[in-house]
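Written below as structure tokens is the structure these notes are about.
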Amino acid sequence: MKAGIVVFPGTNRERDMAQALRLTSGVAPQMIWHRETSLPSLDLVVLPGGFSHGDYLRSGAMAAHSPIMAEVRRFAERGGYVLGVCNGFQILTEAHLLPGALLRNAGMRFLSQDCHLKVERDGLAFTRRWTSGAVFRAPMAHGDGNYTASEDTLDRLEGEGRVVFRYATADGAVLPQDRTCNPNGSARAIAGIASENGRVCGLMPHPENLVDPAIGGTDGAPLFTGLIEALAA
Amino acid sequence: MSNVVIDADLAARYGLTGDEYQTLLGIMGRVPTLTELGIFSVMWSEHCSYKSSRVHLRTLPTTAPWIIHGPGENAGVVDIGDGMAAIFKMESHNHPSFIEPYQGAATGVGGILRDVFTMGARPIANLNALRFGDPRHAGTRRIVDGVVRGIGGYGNCVGVPTVGGEVNFHPAYDGNPLVNAMTVGIARQDRIFLSAAAGIGNPVVYVGSKTGRDGIHGATMSSAGFDENAQAKRPTVQVGDPFTEKLLIEACLELMATDAIVAIQDMGAAGLTSSAVEMAGKGGVGIELDLDAVPQRETGMTAYEMMLSESQERMLMVLKPEHTEAARAIFEKWELDFAVVGVLTDTARITVKHQGRVEADIPLAPLADAAPVYHRPMALLHPPAHLGSVADPEGIEHALLHLLACPDLASRAWIWNQYDSTLGGQTVRRPGTADAAIVRVEGTNRALALTTDCTPRFCKADPKVGGAQAVAEAWRNITATGALPLAVTDNLNFGNPEHPEVMAQFAAAIAGMGDACRVLDFPVVSGNVSLYNQTKHASGMAVDILPTPAIGGLGVIDDVSKAIGYAMPESCDLILIGTQ
Amino acid sequence: MKVRVTVMLKEGVLDPQGKAIGHALGTLGFAELGEVRCGKVIDLDVPANDAGAAVTQGEAMARALLANDVIEDFSVEALS
Amino acid sequence: MKVRVTVMLKEGVLDPQGKAIGHALGTLGFAELGEVRCGKVIDLDVPANDAGAAVTQGEAMARALLANDVIEDFSVEALS
Ligand SMILES: Nc1ncnc2c1ncn2[C@@H]1O[C@H](COP(=O)(O)OP(=O)(O)O)[C@@H](O)[C@H]1O
């Protein structure tokens with residue numbers, strides 16, 4: 001699998017993502033500077049976490065206008081796989097590659113803690129190693145992760161099976177009003193969604209920070225091993 | 001400003017004593033310009049000159065076979081094996097954090113980060129040591145909230161995980177919180193950058209953010225007592241820009257991978273003045289600055305303002321001339337200002353030009369050598385009062401609940417949950433899981449163990465034992481994770497050094513620290529002194545803070561899989577080790 | 001010419017910041033507050049000769065970057 | 001009555017957000033922009049009968065919470 005990681009000014013989890021991809025696929029991904037105007041030949045484009053442009057104005061807003069994003073859009077339109085994590089998810093929504101927006105966390109504070117994610121949609125390249133209903137642990141670290149969209153959009157996402165991950169309790173209960181398991185107050189406890197064709201996926205928590213037994217565990221690894229499998233096929 | 005009369009009275013308002021002003025006149029052989037007076041006043045401030053503390057600091061042990069650079073550089077450098085070095089330091093931002101908690105704490109984090117990456121290290125971890133007033137005191141909540149959000153706001157955005165720290169509460173900090181920030185970075189031993197300038201004719205280059213009128217006289221402010229009237233000093237507050245700092249880190253590290261840099265120094269307290277004076281002074285060369293070339297955010301700034309500005313996120317470097325354009329390209333890629341603002345000379349003087357006029361021309365050696373050093377008087381310390389026997393009024397269960405609920409022992413999760421501790425993908429032990437944070441060295445099987453420790457009430461009762469105890473606790477916390485303790489950084493927070501009792505506490509705490517460091521083979525490689533920490537009450541009475549020598553400890557563990565946390569494995573006996 | 005772009009969350013979009021501010025003001029003793037909404041202002045110095053042209057430029061910038069039309073509305077006014 | 005509190009950074013205080021916005025607008029092709037400053041607005045529904053009283057309440061809230069007078073200035077206006 002040939003993966004590329006886009007680096008914007010202020011991106012700061014590109015090394016984490018590269019480490020996760022290297023560890024799971026054995027191949028180091030390419031780093032792509034946001035000013036580039038073409039993408040190399042790739043199977044997967046990743047928009048990693050961080051504070052692109054300081055998260056000033058709105059998280060992801062300025063990065064969505066970077067030259068490389070026109071290429072990422074074209075790549076997605078041609079059916080390419082795109083993964084956006086945290087700031088990467090925010091950028092995908094600002095670029096309208098995914099619907100909705102991420103508001104300030106309901107409690108107004110930055111949240112750095114583990115959360116549990118319930119897999120709502122299996123069978124995607126991102127989720128094929130899980131079955132629907134599976135729960136895994138992932139660190140979250142963000143100030144603006146409160147997913148919102150119009151009721152119509154939310155209904156459409158649900159109807160089309162595009163809600164990929166939800167915040168849940170360790171045993172899989174989804175309680176949108178309960179801040180212990182839906183910490184940022186996301187609408188319908190949505191933590192991650194996908195595009196219509198299932199190939200563009202964004203989520204707030206960081207599976208890439210749980211792929212190494214030496215660093216807290218491997219709960220996030222299935223996302224990457226699944227991708228590698230899907231993209232090798 | 002041109003018609004200001006420069007005399008001893010004005011100098012006094014700039015924090016120079018009558019004697020200090022006489023020394024200045026002797027060095028200059030004439031009445032100084034306002035800019036020159038400003039330069040002397042910041043270079044001779046407590047903050048920059050360590051005039052009250054130097055004689056005591058000299059007694060600390062600072063060497064060991066694994067120490068590469070001890071105190072004197074921007075941060076301490078320790079050999080951690082495999083040709084790698086850990087570079088670390090702790091620094092205070094106490095007074096700014098009282099005036100504006102969020103920005104004060106945030107810029108404190110930014111400042112200590114620069115001290116570390118200026119030496120060539122990629123910062124891999126931040127820690128902090130915090131002291132706040134009584135939780136019931138009116139102002140405490142606002143300060144705690146702002147400080148914690150500020151540390152997180154800066155650290156999370158700049159992309160360095162915050163992995164540990166400590167917090168205490170005590171009424172002595174009601175009007176003077178302590179915000180001590182520590183940064184640890186990793187560098188290759190053959191790529192460590194120092195601050196001594198060299199090479200007559202080499203260009204002096206300014207990079208980072210533009211200069212504004214921020215924080216003029218922050219260094220002298222942090223060296224003078226302050227009080228509720230601090231309100232009046234408000235314009236000295238600086239706003240941090242962690243985004244620009246992130247770009248600065250990446251740009252500097254990119255440049256450091258080339259062969260372009262002769263010397264580099266961050267612009268911290270007293271900005272351009274202290275960086276230029278220190279670089280040239282250490283290198284034994286002269287420096288000429290052309291302020292017209294300095295990137296400016298505001299119009300009409302005077303030489304005085306530019307020399308004393310504490311605008312954040314700026315660095316000064318001396319480059320090899322043939323690499324200047326390649327260096328410029330790197331900074332332009334990262335969208336940062338880059339300007340050649342001066343040149344090294346053979347005059348051994350600092351010369352500052354602005355709009356065709358020489359605004360300052362000072363011989364560097366006497367500016368450093370004649371800096372005041374005080375042997376301040378010390379009182380005899382009273383031995384700690386006897387505690388007597390402790391009654392048990394409520395039974396052990398209640399006592400335990402009482403202890404668990406007390407602010408100094410209660411859970412800190414509400415703090416560390418605001419700090420990104422997993423960023424970087426190397427955090428083996430996060431806050432709340434081990435006695436020291438464990439962070440792996442990327443690409444190796446090795447990890448660093450990091451901790452901050454101090455128990456101020458011990459230091460108040462007996463400063464010498466308290467100083468030793470802080471060192472010993474740091475050492476124990478590192479050892480308890482399975483790591484080998486290597487070195488410490490410190491942040492010595494004390495009250496008004498003109499009070500003989502405070503000076504005695506200071507000397508005793510250092511003596512205790514020194515003893516413990518020697519016995520434990522745990523030398524001090526960097527540190528910071530913050531004096532004049534006092535809470536002023538409405539009655540006008542100023543109370544010195546508890547003596548607070550915060551210790552930042554660093555250790556190394558060769559096999560990260562052996563790191564031990566404090567979660568009890570299931571089916572395990574409880575074993576107590578130690579003397580009865 | 002100076003223009004001010006004011007960006008507010010759309011009616012109906014939950015405003016966590018406004019809610020937190022309303023709550024904090026209540027704790028401070030400001031009673032009977034209705035809804036609190038929080039937004040942003042961006043003051044721009046644009047190269048235009050008259051207020052009309054300046055406002056047009058401000059609107060273009062708001063559409064391009066300053067406001068996210070999924071969640072926000074904006075208004076633009078010329079500043080004297 | 002509705003009032004709007006506008007909070008801006010004081011003159012001379014670094015505005016990292018404004019700086020980044022100005023830079024981004026420049027890359028989007030909006031040329032010759034002067035300084036960009038970014039602030040916040042808080043719209044409040046206060047229990048007052050006339051504009052004057054409403055503004056007075058808005059000012060009290062700005063001083064108590066909404067503005068940080070160390071680095072920010074505020075202004076208050078009644079909204080129709
Ligand atoms: N200000 C802080 N920032 C980050 N972590 C903190 C802070 N204060 C305390 N912690 C973390 O909370 C845990 C408990 O702190 P403390 O009670 O001081 O530890 P100990 O007494 O075991 O040294 C540690 O993991 C410590 O790093």
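Given the structure is predicted, the values throughout are model-derived calculations rather than measurements.
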Q. R430(B) and D114(A): side-chain contact (heavy atoms from CB on, under 4.5 Å), yes or no, with the steps?
A. CA-CA 11 Å; R430(B) 305 183 205 170; D114(A) 278 353; 2.9 Å; yes
Q: Considering only heavy atoms and a distance below 4.5 Å, find which of G143(A), P9(A), A141(A) pairs most often with chain B.
A: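 Result: the option with the highest number of such pairs is P9(A).
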Q) Among M17(A), E208(A), R35(A), which has the most heavy-atom pairs under 4.5 Å with chain B? A) R35(A)
Q) Can you name the residues of residues 147-158 of chain B that have some heavy atom under 4.5 Å away from a heavy atom in chain A? A)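 Heavy-atom contacts from residues 147-158 of chain B to chain A are R149(B), N156(B), C157(B), V158(B).
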Donor-acceptor contacts, no H, no angles, side chain residues 84-92 of chain A, under 3.5 Å, sequence neighbours left out:
| unit_1 | atom_1 | unit_2 | atom_2 | d |
| --- | --- | --- | --- | --- |
| N87(A) | OD1 | S52(A) | N | 3.0 |
| N87(A) | OD1 | S52(A) | OG | 2.8 |
| N87(A) | ND2 | D55(A) | OD1 | 3.1 |
| N87(A) | ND2 | Q90(A) | OE1 | 2.8 |
| Q90(A) | NE2 | D144(A) | O | 2.6 |

Distance in Å, [X] [atom1] paired with [Y] [atom2], rounded so as to fall on 0.5 Å steps:
X: F243(B); Y: F51(A); atom1: CZ; atom2: CZ; answer: 12.0 Å
X: Q113(A); Y: Y419(B); atom1: CD; atom2: OH; answer: 15.5 Å
X: R13(A); Y: D420(B); atom1: CZ; atom2: CG; answer: 4.0 Å
X: N12(A); Y: L423(B); atom1: CG; atom2: CG; answer: 4.5 Å
X: T427(B); Y: N209(A); atom1: OG1; atom2: CG; answer: 8.0 Å

Q. Would you say the side-chain atoms of E442(B) and Q19(A) include a donor-acceptor pair closer than 3.5 Å?
A.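 The answer is no; no qualifying pair exists.
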Q | H53(A) portion near chain B, given a 4.5 angstrom heavy-atom threshold | A |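 Both backbone and side chain.
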Q: Identify which part of P139(A) has an atom lying under 4.5 Å from any heavy atom of chain B, answering side chain, backbone, both or neither.
A: side chain
Q: Using atom types as modelled and distance alone, determine if a side-chain donor or acceptor of S112(A) lies under 3.5 Å from a backbone N or O of N417(B).
A: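 Pair absent, no side-chain N/O of S112(A) close to backbone of N417(B).
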Q. Looking only at atom types and distance, does a side-chain atom of D16(A) sit under 3.5 Å from a main-chain N or O of G424(B), one as donor and one as acceptor?
A.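 It does hold such a pair.
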Q) Any idea which heavy atoms bring A214(A) and R440(B) closest together, and the distance? A)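 Of all heavy-atom pairs spanning A214(A) and R440(B), the closest is CB-NH1, 4.0 Å.
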Q: Side chain from CB out, backbone as N, CA, C, O: work out which of these in D241(B) comes under 4.5 Å of a heavy atom of chain A, or both, or neither.
A: both
Q | Segment of L247(B) engaging chain A (4.5 angstrom heavy-atom cut-off) | A |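 For L247(B), side-chain heavy atoms alone lie under 4.5 Å from chain A.
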Q. Highest number of heavy-atom pairs under 4.5 Å with chain A: which of D145(B), I249(B), V160(B)?
A. D145(B)
Q: Start with the C-alpha distance between W33(A) and K333(B), add both sets of side-chain angles, then the distance that settles side-chain contact (heavy atoms from CB on, under 4.5 Å), and finish with yes or no.
A: CA-CA 10 Å; W33(A) 183 234; K333(B) 170 189 159 194; 3.9 Å; yes
Q: Go through the steps to decide whether Q426(B) and D212(A) satisfy the test side-chain contact (heavy atoms from CB on, under 4.5 Å), and finish with yes or no.
A: CA-CA 10 Å; Q426(B) 309 299 339; D212(A) 184 343; over 6 Å; no
